[in-house]
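Structure first, commentary second.
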Amino acid sequence: MMAVQGEDEDAWLDFSLGMGGFADVAVATTPVADKRKVHVRVPPGKLIPVIFLPGIMGSNLRLSRDRQTQLKRSDNLSWGPDKTGDALARRNASPAERQMRLDPDEVEVDRYKVTDNGAERFDATGNETISSDQRHNNVPDDLGDIGKLLVSDPKVDPQHPLASNRQSFTAAQKARARGWSEVMFGSYGDIIKRMEQQLNNMLQGAGENMKVSASWSNKDNPEALVGRPPSSFGGQSGEPLKEDELKKIGDCWYPVHAFGYNWLKSNGDEAKALAPKIDKLVETYSENGFNCPGVILVTHSMGGILARALLRTKHSKLKSKVLGIVHGVMPTTGAAAAYKRMRAGFEGGSLLNVKANIIQGVLGDNGAEVTAVLANAQGGLELLPAAAYGTQWLQVQDQSGKVLATLPQENSVDEIYTLGSRRWWRLINPDWIDPAEQIKMSPKKGGKTKEQIGPEATAERIKEAMRFANAIQDTFHDCTYAHYGSDPDQPAWNEVVWRVVDGDPAAAGPPSTWTLISDDGIGRLRVQGAYGVELQLKLQSPDTAADGTVPVQRSADKVQARIKFVQTGYDHQGSFMNRGAIAATLYGIARIANAYDPAWWAKKDWDYPPQQ
């Protein structure tokens, strides 16, 4: 930007990052009589993109044209949680509607001005009457300039003779082109903007006058990271950042990108689709004249599973291009909450927490609504407790809390996930899988075969999901940093407990012999035991300090990281709006950038075991 101090002083211009990934600078022509010089500061030659990967349900999805027609929708919006009006409208959607609208085979990521699967199947603009900018206004038009790289272009003078040869883009449009609007901006906007601002403002001045900027080093700023012990934001180890370390990595650009993905599909499949996109990003910046050695990944929740799957793709170029990963609230080995939600729906908030209750209704506040989607979506099934989660996480208790039975003893797939309908503790109610009756529809109306939908298809999907989860259980980047919540005010299910609340379990025989009478879909069952004894069971509330979703002991803490940050003060979805989580993220990125050594990197064996 031009920084003119007076009418007789020279002007200084800084480069920013243009829409196509080029270093751009705008110079305004002046009258011949204006003899002031224009100086342009040379941008750094090095550039490392920071890529944000959201969690499950954190990427916006759009419908295929066929499915939009079948649902008689005026737009092709499948999933857009930032759009409050649509969220309210679908709060009471039936299980059948949810199944059809969140069909993994009939949706794609709602990308800005492009489509992954062809305009003949997915309209790249979403609707001929709605522009991409209107569709992607979750990143608002008034976003404004953020840091040094993401700035609006000067407006083109329509009277200028070269006006027709130049386009002008706003900061919001550039952010959308970087994928910011592909993700739930209401949850992730804070961390995305903060990374863009802070990472590109490490240093001030030049030469002998160069110093670390106040946003990193001001001792009066409690959020400045230089000299701040990691223990102050949950670090279990680690040294404070030093000014020399910031100076080492500060002469570099860190543009922040976001990549949405189809969270209904397998993370393994999505990793294969995402790998060439990341490789192309590095290639583009390199072709534009930057030294771009690779990318740094920042993940939320299931995005961490996707990132670990990326390390195992057979895409040969990508493995050495991921410089490090910062994981946020990752369900490392799965979460028992996935079982609970398929049996009894998502949790809501307090009576005063309107937003949480709206989200609960959108995601599904009973087992039938959730199962209609997740039984047909391998991505969600990959969050079930895997082998590394351990055994005996499902308990049956009597009224006093005495444990009557625990499962699994060896294998969750055989002992819980794929059991038939008569086993009252099973994961899947077969009557909830296909409420839309796609099995009876013609292919033109969205019909599917028994190999695609139904109890047998879901069982195969679960088995594949667990094979994938088990395959990546030991896959972690060498340069990993992780943060997660361990807050008594945000409990999660380390174990899921069904407790007898009515009837005599001593007279009913072993729990394994009880048969299901009724299931209300919100956590209450009636079963029949020996001699016709009836019991009522209730699913118990969580009681283990966490973030409301991912338990610490069985899952979050099993991440293999250089430093783990154990924190309080946030729930799972809102973690990246927390100051401690933001500090841990910036700290991790700075450490990853410092650790990069081209000579060592070239010798590293990047042969992670490929996906099976």
Side-chain angles (χ1 to χ4, degrees), residues 52 54-56 58 184 186-192 194-195 198 221-225 227-241 298-304 325-338 340 346-350 352-353 355-356 359-360 383 389 480-496 540-591:
F52 183 81
I56 187 172
M184 192 190 307
S187 290
Y188 304 134
D190 283 4
I191 187 61
I192 290 174
R194 181 65 178 273
M195 291 190 296
Q198 192 99 346
N221 178 3
E223 296 186 26
L225 289 178
R228 182 180 173 189
S231 58
S232 68
F233 45 96
Q236 302 300 287
S237 59
E239 297 296 322
L241 290 171
V298 176
T299 76
H300 177 254
S301 190
M302 192 169 85
I325 305 177
V326 177
H327 288 300
V329 297
M330 178 172 60
T332 312
T333 61
K340 179 269 171 184
F346 277 79
E347 308 78 56
S350 66
L352 298 178
N353 193 337
K355 181 177 180 181
I359 291 174
Q360 178 197 24
L383 298 184
Y389 193 88
T480 290
Y481 293 80
H483 62 269
Y484 50 84
S486 181
D487 190 336
D489 292 331
Q490 300 289 343
W493 287 272
N494 204 42
E495 290 85 27
V496 174
Q540 298 300 290
S541 299
D543 61 1
T544 305
D547 65 3
T549 297
V550 179
V552 174
Q553 180 183 358
R554 286 182 177 266
S555 189
D557 192 49
K558 291 193 176 182
V559 60
Q560 297 176 24
R562 294 191 175 188
I563 300 178
K564 301 176 186 180
F565 297 86
V566 183
Q567 302 171 327
T568 61
Y570 55 73
D571 68 350
H572 185 77
Q573 187 58 43
S575 61
F576 273 119
M577 293 184 276
N578 176 268
R579 290 181 178 181
I582 291 173
T585 301
L586 294 172
Y587 179 93
I589 293 172
R591 284 284 176 227

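For reference, positions follow the sequence shown, starting with 1. Worth saying up front: this structure is predicted, and the values here are computed from it rather than measured.
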Report the distance from atom CZ of Arg579 to atom CD of Glu223, rounding to the nearest 0.5 Å. 4.5 Å
Please output the side-chain donor-acceptor pairs of residues 232-241 that fall under 3.5 Å, not counting sequence neighbours, one pair per line with the distance.
residue : atom : partner : partner atom : Å
Ser232  : OG   : Arg228  : NE           : 3.0
Ser232  : OG   : Pro229  : O            : 2.7
Gln236  : NE2  : Gly234  : O            : 2.9

May I ask you to decide if Gly569's main-chain N or O and Asp487's side chain share a donor-acceptor pair within less than 3.5 Å? yes
Compare every heavy atom of Ala492 with every heavy atom of Pro551, then report the nearest pair and how far apart it is. N-CB, 4.1 Å
Working note: Gln553 + Lys558, criterion side chain to side chain contact (heavy atoms under 4.5 Å, CB included); need CA distance, chi angles, decisive distance, verdict. CA-CA 7 Å; Gln553 180 183 358; Lys558 291 193 176 182; over 6 Å; no
Taking every non-hydrogen atom, the tightest pair across Phe346 and Lys340: C-NZ, 4.0 Å
Side-chain touch Val559/Thr480, heavy atoms, less than 4.5 angstrom: yes
Please assess Tyr587 against Ile563 for the test side chain to side chain contact (heavy atoms under 4.5 Å, CB included), listing each intermediate value before the final yes or no. CA-CA 10 Å; Tyr587 179 93; Ile563 300 178; 3.7 Å; yes
Is there side-chain contact between Glu495 and Arg554, with heavy atoms separated by less than 4.5 Å? yes
Do Tyr484 and Phe565 have side chains that get closer than 4.5 Å, going by heavy atoms? no
Is there a side-chain contact between Ile192 and Phe576, using heavy atoms and a 4.5 Å cut-off? no
Can you find a pair of side-chain heavy atoms, one from Val550 and one from Met330, that are under 4.5 Å apart? no
Rounded to the nearest 0.5 Å, what separates atom CD1 in Ile582 from atom CG in Leu225? 10.5 Å
Within a strict 4.5 Å, meaning less than it, do heavy atoms of the Val566 and Val552 side chains meet? no
Taking Trp493 for the side chain and Gln540 for the main chain, is one N or O donor matched with an acceptor at less than 3.5 Å? yes
Output for pair (Asn494 CG, Tyr389 OH), nearest 0.5 Å, gives 5.0 Å
Quick check for you: to the nearest 0.5 Å, what is the distance between Leu383 atom CG and Ser301 atom OG? 6.5 Å
Side-chain contact, heavy-atom cut-off 4.5 Å: His572 with Gln490? no
Non-hydrogen side-chain atoms of Arg194 and Met577 separated by less than 4.5 Å: no
Rounded to the nearest 0.5 Å, what separation is found between the CG atom of Asp547 and the OG1 atom of Thr568? 12.0 Å
Look only at the side chain of Ser555 and the backbone of Thr332, and say whether a donor-acceptor pair between them is shorter than 3.5 Å. yes
Does a side chain donor of either His300 or Tyr188 reach within less than 3.5 Å of an acceptor in the other side chain? yes
